[in-house]
Novice: 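Sharing a structure, written as structure tokens. Questions coming.
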Amino acid sequence: MTLRIGNFSGFYGDRFDAPREMLTGGEVDVLTGDYLAELTMLILARDRLKDPSAGYARTFLRQLEETLGLAHERGVRIVTNAGGLNPAGLADAVRALAARLGVPVRVAHVEGDDLTARYPGALAAHAYLGGFGIAACLREGADIVVTGRVTDAALVTGPAAAHFGWTPADHDRLAGAVVAGHVLECGAQATGGNYAFFGEGGVSLRPGFPLAELHEDGSSVITKHPGTGGFVDVGTVTAQLLYETGGARYAGPDVTARLDTVRLSQDGPDRVRVEGVRGEAPPPTLKVGLNRLGGFRNEVVFVLTGLDIEAKADLVKEQMGEALAKSPPAGVRWELARTDRPDAGTEETASALLRLVVRDPSQEAVGRVLSGAAIELALASYPGFHVLAPPGKGSPYGVFEDVYVPQGDVDHVAVLHDGRRVTVDAPHDTAVLDDVPPPALPEPLPPGPARRAPLGLVAGARSGDKGGNANVGVWVRSDDAWRWLAHALTVERFRELIPEARELPVTRHVLPRLRALNFLVEGILGEGVAAQARFDPQAKALGEWLRSRHLDIPEALL
């Protein structure tokens, strides 16, 4: 007995036509849409400040208007976290849409994640719930289930638990579904999107969305509809498995999945079998994501062209420093990007960018003060002075942090299509997370000739953000490459290659079954993506930077 679960959204803003593509491209039993991220919750919270009836992903309603009848005809159920901060509001809106379209569907929702009232000063505080509220809605006949903040994988564990009759004690089965859900959650990232070796499967301008064929024992096959773009192989699945994860234990509210037990194998064209996943009792606490306003920020980017780039940068820094000293913002950050080239053939390639970012609790301190100081230099600074755009009045920025509460302190409730409310009990069996003992490393490669070359010639990488931290997963595709990587890419070598990490805590996790290393870099993103503390605020390209760095690689691997 197989349950086919497809994904049609990896974030708020993903491809609009994806629901129709998934409904018409092949067989599917359940479609999931993931709309939420840390930054999205802040955006929805600001929407709700303006309109208390807002707080959900309105795009989902427009997508549903075009596909609700088709989903009903084909008996496809839809599960989505598009409810954001207002799942009840979205559920009501879906009912109104269905009534207007004349499509008889049963709509349920899950609530209890909103803990904002417990945290004064927070714009939004939401617990990451598991999948058993979703399962309760589906078992009672819901065609569409809307949630607020659940874990991304819960969109898959919920339907799987409902379909196969799993209980909270089925740790291995749930863990297998968590792994499948984690692969699906980011949409086309599992089908060749954002993939380190993207050219090998044939460049696709429009990768299809992924599909998991789940089995009762928790194993699955990751695939996609026939004829859609992109590709699915062990590499694309490995990349997504490493995305925004940490060590061997991948904890969630339903189960802790052991990523060090995952076995991947190619099962045919565009088919990867996932099996062997072991699960453990979930932790006794739930993660709560807190979003609050951190203050106001503003920025200006000075263009430095031609000769004496460093001297020009020093001059404008000193001039701006004097001007800002009269009313100094709480935070001042300069970054010089040497995008210039010598003897350049175009003015743009002869130019470097000097970025100034200021932050302060007061909008006034980052508004007129900055814009006045920058614009007044227009005729009184370095030769060729100009900026990309004049600074504005300053805009608010958000700060994300996570806290933890006991699972039993959260009222997880399934609100059924007929209005009945079903309480979802917290798991009775829990286990405090401990580090897994480091696995044995493979035998190193024998000595031989080496050549200085980019790491990316032999290794793939994918990186992402978790609050102020970043993770970088690095993997290779042969046993010999693994024998080299496991010994060559140490924490010390990682810090050498990524200078921003030299003064930060870095933890290396070893996953031999995936031939992978996962590095957690604490604090590199400051106060999270909304604070925009660095050039790449979500660390999306941190892995590609690492792959571009040079080190001595055995010639046998090149």
Side-chain angles (χ1 to χ4, degrees), residues 151-153 156-157 170-185 190 212 214 217-222 233-266 272-283 429-444 459-464 466 469-491 494 506-521 543:
T151 63
D152 300 337
V156 171
T157 61
D170 290 315
H171 293 150
D172 289 348
R173 292 175 172 86
L174 289 167
V178 163
V179 168
H182 181 57
V183 174
L184 295 189
E185 69 183 56
L214 268 79
D217 64 356
S219 65
S220 64
V221 171
I222 306 299
D233 66 14
V234 169
T236 66
V237 174
T238 299
Q240 182 55 28
L241 271 180
L242 295 173
Y243 180 64
E244 294 182 348
T245 60
R249 285 191 166 105
Y250 184 55
D254 297 323
V255 68
T256 294
R258 289 289 297 263
L259 298 183
D260 56 348
T261 64
V262 178
R263 295 199 305 271
L264 303 178
S265 58
Q266 201 71 36
V272 172
R273 184 167 296 278
V274 183
E275 56 193 345
V277 186
R278 300 299 303 273
E280 300 171 342
D429 185 15
T430 62
V432 175
L433 289 176
D434 291 318
D435 291 334
V436 174
L441 297 182
E443 287 293 319
R462 179 164 287 168
S463 55
K466 283 294 183 185
N469 304 331
N471 95 289
V472 185
V474 184
W475 80 95
V476 290
R477 297 180 291 178
S478 72
D479 289 339
D480 280 350
W482 172 239
R483 291 172 64 187
W484 170 76
L485 182 75
H487 294 276
L489 194 56
T490 62
V491 168
F494 182 92
V506 178
T507 305
R508 185 180 96 150
H509 301 283
V510 181
L511 300 169
R513 286 183 184 268
L514 299 177
R515 300 193 191 101
L517 304 172
N518 210 344
F519 293 88
L520 178 67
V521 187

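Nothing fancy with the numbering, it's 1 onward along the sequence. Computed from a predicted model, the values in this text were never measured in an experiment. As a basis for the values below, the full set of heavy atoms in this structure was taken, side chains included, without hydrogen atoms, waters or symmetry mates.
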Novice: Find the distance between CG (N471) and OG1 (T507) and round it off to the nearest 0.5 Å.
Specialist: 11.5 Å

Novice: Calculate, to the nearest 0.5 Å, the distance between atoms CG and CG belonging to L241 and L511 respectively.
Specialist: 9.5 Å

Novice: Can you find a heavy atom in the side chain of R515 that is under 4.5 Å from one in the side chain of D479?
Specialist: yes

Novice: Minimum heavy-atom separation for L242 and N518, please, with both atom names.
Specialist: O-ND2, 3.7 Å

Novice: Minimum heavy-atom separation for A248 and V436, please, with both atom names.
Specialist: CB-CG2, 3.8 Å

Novice: Rounded to the nearest 0.5 Å, what separation is found between the CZ atom of R462 and the OG1 atom of T245?
Specialist: 11.0 Å

Novice: Okay, side chain of R477, backbone of G460: is any donor-acceptor separation there less than 3.5 Å?
Specialist: no

Novice: Pairs in or reaching into residues 175-185: which pass salt bridge (charged side-chain N to carboxylate O under 4.0 Å, His left out), with residues at least two apart or in two chains?
Specialist: none

Novice: Tell me the closest heavy-atom pair linking A486 and P442, and the distance in Å.
Specialist: CB-CD, 3.8 Å

Novice: Determine whether H182 and Y250 make a side-chain contact, defined as any pair of heavy atoms from C-beta on separated by less than 4.5 Å.
Specialist: yes

Novice: Go through it in stages, so that I can follow the logic: the residues are L214 and V156, the test is side chain to side chain contact (heavy atoms under 4.5 Å, CB included), and I'd like the CA-CA distance, side-chain angles, deciding distance and then a yes or no.
Specialist: CA-CA 9 Å; L214 268 79; V156 171; 4.0 Å; yes

Novice: Using atom types as modelled and distance alone, determine if a side-chain donor or acceptor of S463 lies under 3.5 Å from a backbone N or O of G543.
Specialist: yes

Novice: May I ask you to test the V178-D254 pair for a side-chain heavy-atom distance under 4.5 Å?
Specialist: no

Novice: Mind listing the closest non-hydrogen atom pair of H487 and T490 along with its distance?
Specialist: O-CG2, 3.5 Å

Novice: For the residue pair V183 and V274, establish whether any side-chain heavy-atom pair is separated by less than 4.5 Å.
Specialist: no

Novice: Would you sort out whether W484 and V476 count as a side chain to side chain contact (heavy atoms under 4.5 Å, CB included), showing the intermediate values?
Specialist: CA-CA 10 Å; W484 170 76; V476 290; 5.6 Å; no

Novice: Looking at S220 and A180, what are the two nearest heavy atoms and their distance?
Specialist: OG-CB, 3.9 Å

Novice: Where do F494 and V474 land on the side chain to side chain contact (heavy atoms under 4.5 Å, CB included) test, with the steps shown first?
Specialist: CA-CA 11 Å; F494 182 92; V474 184; 5.8 Å; no

Novice: Judged by modelled atom types alone, do D480 and S478 share a side-chain donor-acceptor pair under 3.5 Å?
Specialist: no

Novice: Measure across W475 and G235 and return the closest heavy-atom pair with its distance rounded to 0.1 Å.
Specialist: CZ2-O, 3.9 Å

Novice: Applying side chain to side chain donor-acceptor pair (under 3.5 Å) as the test, list every pair that has at least one member in residues 171-181; sequence neighbours left out.
Specialist: D172-R278, R173-E216

Novice: Hey, could you give me the CG/CZ distance between L441 and R483, rounded to the nearest 0.5 Å?
Specialist: 12.5 Å

Novice: What's the verdict on side chain to side chain contact (heavy atoms under 4.5 Å, CB included) for L517 and W482, showing C-alpha distance, side-chain angles and the deciding distance?
Specialist: CA-CA 10 Å; L517 304 172; W482 172 239; 3.8 Å; yes

Novice: Given side chains that start at C-beta, do those of H509 and L259 come closer than 4.5 Å, heavy atoms only?
Specialist: no

Novice: Taking side chain to side chain contact (heavy atoms under 4.5 Å, CB included) as the definition, give me every residue that meets it alongside T256, ordered by chain and number, with sequence neighbours left out.
Specialist: R249, A251, E280, P283, L433

Novice: Mind checking the CG-CG spacing from D217 to D170? Nearest 0.5 Å is all I need.
Specialist: 11.5 Å

Novice: Between Q240 and L184 (side chain of the first, backbone of the second, donor and acceptor by atom type, cut-off under 3.5 Å), is there such a pair?
Specialist: no

